[in-house]
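Okay, structure first, notes after.
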Amino acid sequence: MRRCRATPNSAQKQQSEKEIQVSSLEERLRRIAEEKQRIADEEAAMRDEALAELEKVVEEIETLEKRKEQLEIFLGLEEGPQRAGHGQILQLCVRAITESGGGLTSGEVKEAIEKVMPGMKLSSVPASLSRAASMGRLRRDEFGRYFLS
């Protein structure tokens, strides 16, 4: 049986091939890291756009709710309900969540406020909760419950 001995040239060649392989792996890892960063940046930009759109939709809903109230009053379909002052709904929402000691859904928040303020117009509670969550004052879990941040 004949044994092959590594000659200096073959050892250098093997070393060179290993260095090329390592270099190739490092390059692939660098490209993967760059792609991960690009995807993370794109996701962050999409999230920012979605939050901006959500805020716009919430404002449109509030405007439509106000217009609906005006038309109902004009048409005599509804007596003017007790309206909350600017920011009062959000304060009532935060108070309800604080007093509950845990997370509440928007429906549960409305029920809690209705107990304290019967007759109060509460159609903007979901929009107020959503806006507070987008601004970081509240956080919402995957079950739709709101918690203090």
Side-chain angles (χ1 to χ4, degrees), residues 4-73 78 81-149:
C4 292
R5 263 201 294 165
T7 62
N9 281 343
S10 68
Q12 288 175 343
K13 186 176 179 182
Q14 288 176 346
Q15 180 65 28
S16 177
E17 287 174 357
K18 285 181 183 179
E19 289 173 359
I20 290 171
Q21 287 175 344
V22 169
S23 174
S24 176
L25 287 173
E26 289 173 345
E27 177 63 22
R28 288 171 64 192
L29 288 173
R30 184 190 60 75
R31 283 186 291 186
I32 290 170
E34 287 175 354
E35 181 66 12
K36 282 183 177 180
Q37 184 61 48
R38 185 192 63 77
I39 290 170
D41 292 345
E42 189 174 319
E43 285 177 348
M46 289 172 62
R47 182 171 179 76
D48 290 343
E49 289 174 17
L51 285 172
E53 184 177 346
L54 176 62
E55 285 185 31
K56 183 179 175 185
V57 168
V58 167
E59 289 173 8
E60 290 172 359
I61 289 170
E62 289 175 351
T63 300
L64 288 172
E65 284 291 335
K66 289 176 188 173
R67 183 67 182 142
K68 177 184 172 227
E69 283 179 33
Q70 293 169 346
L71 291 171
E72 287 174 342
I73 291 170
E78 182 180 295
Q82 181 183 354
R83 267 195 78 90
H86 180 70
Q88 186 180 6
I89 290 289
L90 181 56
Q91 290 173 351
L92 292 169
C93 291
V94 169
R95 180 173 149 196
I97 293 169
T98 302
E99 290 175 357
S100 76
L104 297 177
T105 64
S106 62
E108 293 167 336
V109 171
K110 278 177 90 168
E111 289 173 8
I113 295 172
E114 284 172 345
K115 288 178 185 174
V116 177
M117 308 282 290
M120 174 73 74
K121 179 87 169 143
L122 299 174
S123 59
S124 66
V125 166
S128 296
L129 290 169
S130 180
R131 175 179 273 166
S134 70
M135 294 182 344
R137 187 161 178 194
L138 299 176
R139 63 181 171 80
R140 183 177 179 207
D141 70 7
E142 64 274 9
F143 302 109
R145 295 178 301 208
Y146 290 90
F147 298 85
L148 296 177
S149 290

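FYI, the numbering just counts along the sequence from 1.
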- [ ] Kindly state each residue pair satisfying salt bridge (charged side-chain N to carboxylate O under 4.0 Å, His left out) with at least one member in residues 133-149, sequence neighbours excluded.
- [x] Asp141-Arg145
Open item on the list: Nearest 0.5 angstrom please: Ile39 CD1 to Glu35 CD, how far?
Closed with: 4.5 Å
Open item on the list: Looking at Glu72 and Lys68, is any side-chain nitrogen of the basic one under 4.0 Å from a carboxylate oxygen of the acidic one?
Closed with: yes
Open item on the list: Looking at every heavy atom in both Ser106 and Val125, which two are closest together, and how far apart are they?
Closed with: O-CG1, 4.0 Å
TODO: With rounding to the nearest 0.5 Å, note down the distance linking CG in Leu138 to OH in Tyr146.
DONE: 8.0 Å
TODO: Find the distance between CD1 (Ile113) and CD1 (Ile89) and round it off to the nearest 0.5 Å.
DONE: 5.5 Å
Task: Side-chain donor/acceptor of Ser124 to backbone N/O of Ala127, under 3.5 Å - done: no
Listing, residues 40-55 side-chain donor-acceptor contacts under 3.5 Å, not counting sequence neighbours, or none:
unit_1	atom_1	unit_2	atom_2	d
Asp41	OD1	Gln37	NE2	2.7
Glu42	OE1	Arg38	NH1	2.9

Task: Backbone of Glu59 reached by a side-chain donor or acceptor of Thr63 within 3.5 Å - done: yes
Hey, can you pull the donor-acceptor pairs under 3.5 Å for the side chains in residues 93-101, sequence neighbours left out?
unit_1	atom_1	unit_2	atom_2	d
Arg95	NE	Glu99	OE2	3.2
Thr98	OG1	Val94	O	2.7
Ser100	OG	Ile97	O	2.8
Ser100	OG	Gly102	N	3.2
Ser100	OG	Gly102	O	2.7

Task: Heavy-atom pair of closest approach, residues Leu90 and Ser128 - done: CD1-O, 4.0 Å
TODO: Give, for atom CD of Glu60 and atom CZ of Arg67, the distance between the pair rounded to the nearest 0.5 Å.
DONE: 16.0 Å
TODO: Before accepting this row, confirm whether a basic side-chain N of the pair Glu34/Arg30 lies closer than 4.0 Å to the acidic partner's carboxylate O.
DONE: yes
